[in-house]
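Below is one structure; the comments refer to it alone.
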Amino acid sequence: MTWLVWRQHRNQTYLAAAALAAFAVLVLITGRQMASQYHSALTSCAASHTCGNLANTLILGTPVLSLLVTLTVVVPCLLGVFWGGPLVAREFETGTSQFAWMQSITRSRWLAVKVGWALLAAAAWGGAVSALVTWWSSPVNALNHQNFQPGQFDIQGIVPVGYALFAVALGIAAGTLLRRTLPALAVTIGVFTFLRLVIGQDLRSHYLTAVTTPFSFLHAPPSPKGSYWLVSGGVVGPAGQVANSHAHGGPGVSFGGVPVPIDNMPSACRVLVFQSPLKFGSCLAAHGYRGFITYQPASRYWAFQGIETGIFVLLAAALIAVTAIAVTRRDA
Amino acid sequence: MASSNPAVIQTCGLSKRYRKVTALSEATLTVPQGRISALIGPNGAGKTTLLRLLAGLARPTGGEVAVLGGAPRQDPAFLAEIGFVAQEIPLYRRLSAEDHIGVGAHLNPRWDAASVRQRLKGLNIPLDQTVGTLSGGQRAQVALSLTLAKRPRLLLLDEPVAALDPLARRQFLAHLAEAVAGGGLTVVLSSHLLADLERVCDHLILLAASRVQLCGDIDTVLAEHQVLVGPRKDTTAIEKAHTLVQATHTARQSTLLIRVGGPVVDPAWEAADVGLEELVLGYMGQHAGPAFSHLTSVGEDQ
């Protein structure tokens, strides 16, 4: 059966390998340049004792390259569309499932081998792209500490492997249930994008209870160590927490990254907003207002990677189970 | 013919319903070993459904089916004994015949690769060309050769000659007859055209309106029917003794196709043997199910 799977998909595999190789060459060359650029900047700033400010003065990589790396976020979806969707649907469309199922092989084995290789390939390609991006990003991560932020979190570490497995499983399941390739592709793109957005925006920040740190407006908000993820921030007044103005559409200002709803601030302070942030802060402090930040510490990065990967792997497993039931129970 | 042959196919009340449509209703039939059975019926009569049920590609919604002694199932040992070629002749279009031989070799315990190569070479069908580039007739030959390479005990072919031109049809059926002559193989092949199959078949399953109208060895079936020609008159007496399949009337004369229930005693009727085509058309003309008691006559002037 493996022989057949290889014979059916080898051209696709060669193509994907070529694309991966091209990407790898690009990433390896520019990644080395970036790493040496970062290290020489570190050496020279250490000599002049200006390393604290390095993140503001040093720009690593080029915008085009950063964009390209950011775009690898779509790789799992592409794998789902090109490998997952047609895997079974195409066989139904051309009737070759009937050819295969009338050889001396059970449908479950036919499916297991096909799905097994597809998932393995998904994990391999997803993992390879992610490994390259993670390696390429290491100087940027060390400099900007942004790898826990949405966007960067999604293209580094092990989560892309989870996404790729899920996307391919989703494509396979959609193709099996719909029996047609094109609708399966549409469903794959739609469901994958929807779930990624929902999980990334609404669920991820709750994997572990976020840490809340209060601060005085006399100073800048605290900056936790390393690549933390700032989930939210806000203002606590004498009467308790002040509603964030974006909740009801009012204007807000950013106090060192923490949103301050000016409509809900004492009027005496409001006029100071445009004069000086320092005076504005002192005024708020004098009126008994304090700020707070809610964040996920950098130490939880891998825990979050693990949890998110686990969620998508479980979803993938459920989809494969549905596929197996459909293939063995339904008529050909 | 030895009717004591073990039955390769035995069904009882076999039915298949899709959501609203009944594709096959209460089919009870037997195909003994070694027969080449023609599965005849108009389009939509349930031929494909019956073949798919026998192959285990579809599950019955009612009744019993035994193929080679057991229910069709997803089991390598069972599947190794069955050859099935679907109507669309599905093959991997981008693979060559040689690749398909490789596929079969990997997926079957018995595999006669040499026979496929020899047959296809004999038919001048290129082994190394992708099957998508072959003609419909060539693809059908490839599919049949691949199926025979499994050395199945039962071969199920769904409209195998529908896409072929007359010459290819003849070649295909000759190829099939040659394979059966090797012994041990039972074949069911469907068509809506009897003429295609008459030459090679010795058994008949006639489906119409998703029901089995006739099933048996062609010789036996023919012997059981007669055509009566006589002056136009009341047929009640005939219907009492025999089963009237079809009646055709002209102004003076009646032609009756009957399933014989005994000797025809009335000297007014002239009895004659019936031809296969006549018989099949007679049954196909009536979709009223097995009870033929209230037939309306064809060609009756009112």
Side-chain angles (χ1 to χ4, degrees), chain A residues 1-16 82-83 85-118 175-181 321 323-332, chain B residues 16 18 23 48-49 51-61 72-96 98-111 131-132 139 142-143 146-147 149-152 154-156 158:
Chain A
M1 191 57 214
T2 297
W3 188 88
L4 172 59
V5 171
W6 172 244
R7 201 63 198 73
Q8 278 183 284
H9 299 288
R10 62 179 181 186
N11 290 339
Q12 233 177 326
T13 313
Y14 292 147
L15 198 70
F82 287 112
W83 285 354
L87 192 78
V88 175
R90 193 95 192 90
E91 300 247 5
F92 283 147
E93 276 177 347
T94 56
T96 46
S97 53
Q98 293 185 56
F99 177 83
W101 295 356
M102 289 316 296
Q103 307 304 313
S104 313
I105 179 174
T106 59
R107 294 185 208 175
S108 28
R109 196 170 140 234
W110 173 84
L111 184 70
V113 176
K114 279 175 82 78
V115 169
W117 283 112
T176 305
L177 296 177
L178 298 171
R179 294 173 157 259
R180 304 196 33 82
T181 304
T323 306
I325 291 171
V327 162
T328 51
R329 304 261 167 91
R330 278 170 57 171
D331 287 353
Chain B
K16 177 69 180 178
Y18 295 99
T48 298
T49 301
L51 290 173
R52 285 163 56 82
L53 288 169
L54 296 175
L57 287 172
R59 286 160 186 255
T61 50
R73 59 205 173 272
Q74 294 168 39
D75 161 32
F78 172 78
L79 291 167
E81 308 283 8
I82 310 287
F84 175 75
V85 180
Q87 193 168 358
E88 317 82 77
I89 314 171
L91 293 170
Y92 301 97
R93 296 185 70 87
R94 278 181 293 184
L95 302 195
S96 65
E98 188 60 49
D99 289 330
H100 282 84
I101 295 173
V103 173
H106 281 87
L107 300 184
N108 294 289
R110 284 193 304 270
W111 189 251
V131 297
R139 271 205 297 279
V142 171
L146 288 170
T147 309
K150 274 175 81 179
R151 291 280 162 85
L154 173 62
L155 190 56
L156 304 166
D158 194 2

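In what follows, every chain begins at residue 1, and chains take the letters A, B, ... in the order their sequences are listed.
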Chain A interface, residue from [options] that has the most non-hydrogen pairs under 4.5 Å:
options	result
B/Val85, B/Thr147, B/Val103	B/Val103
B/Asp99, B/Leu57, B/Ile82, B/Leu91	B/Leu57
B/Glu81, B/Arg73, B/Arg52, B/His106	B/His106

Quick check: closest heavy atoms across [X] and [Y], and the distance to 0.1 Å?
X	Y	answer
B/Leu53	B/Arg59	CD2-C, 3.5 Å
A/Phe92	A/Gly175	CD1-O, 4.2 Å
B/Pro72	B/Phe78	CA-CZ, 3.4 Å

Within 6.0 angstrom of A/Arg330 CZ, more than 12 heavy atoms from elsewhere: yes
A/Arg179 atom CZ, neighbour heavy-atom count above 12 within 6.0 Å: yes
Is it the backbone or the side chain of [X] that comes under 4.5 Å from a heavy atom of chain A, or both, or neither?
X	answer
B/Leu146	side chain
B/Asp75	backbone
B/Leu95	side chain

Checking the side chain of [X] only, and the main-chain atoms of [Y] only, is there a donor and an acceptor separated by less than 3.5 Å?
X	Y	answer
B/Arg110	B/Arg151	yes
A/Gln98	B/Ala86	no
B/Trp111	B/Ile101	yes
B/Asn108	A/Ser104	yes

Contacts of residues 5-14 of chain A with chain B (heavy atom under 4.5 Å): A/Arg7, A/Gln8
SB check B/Glu88 B/Arg139 (cutoff 4.0 Å): no
Structural part of [X] lying under 4.5 Å from a heavy atom of chain B:
X	value
A/Thr96	both
A/Thr328	both
A/Trp3	side chain

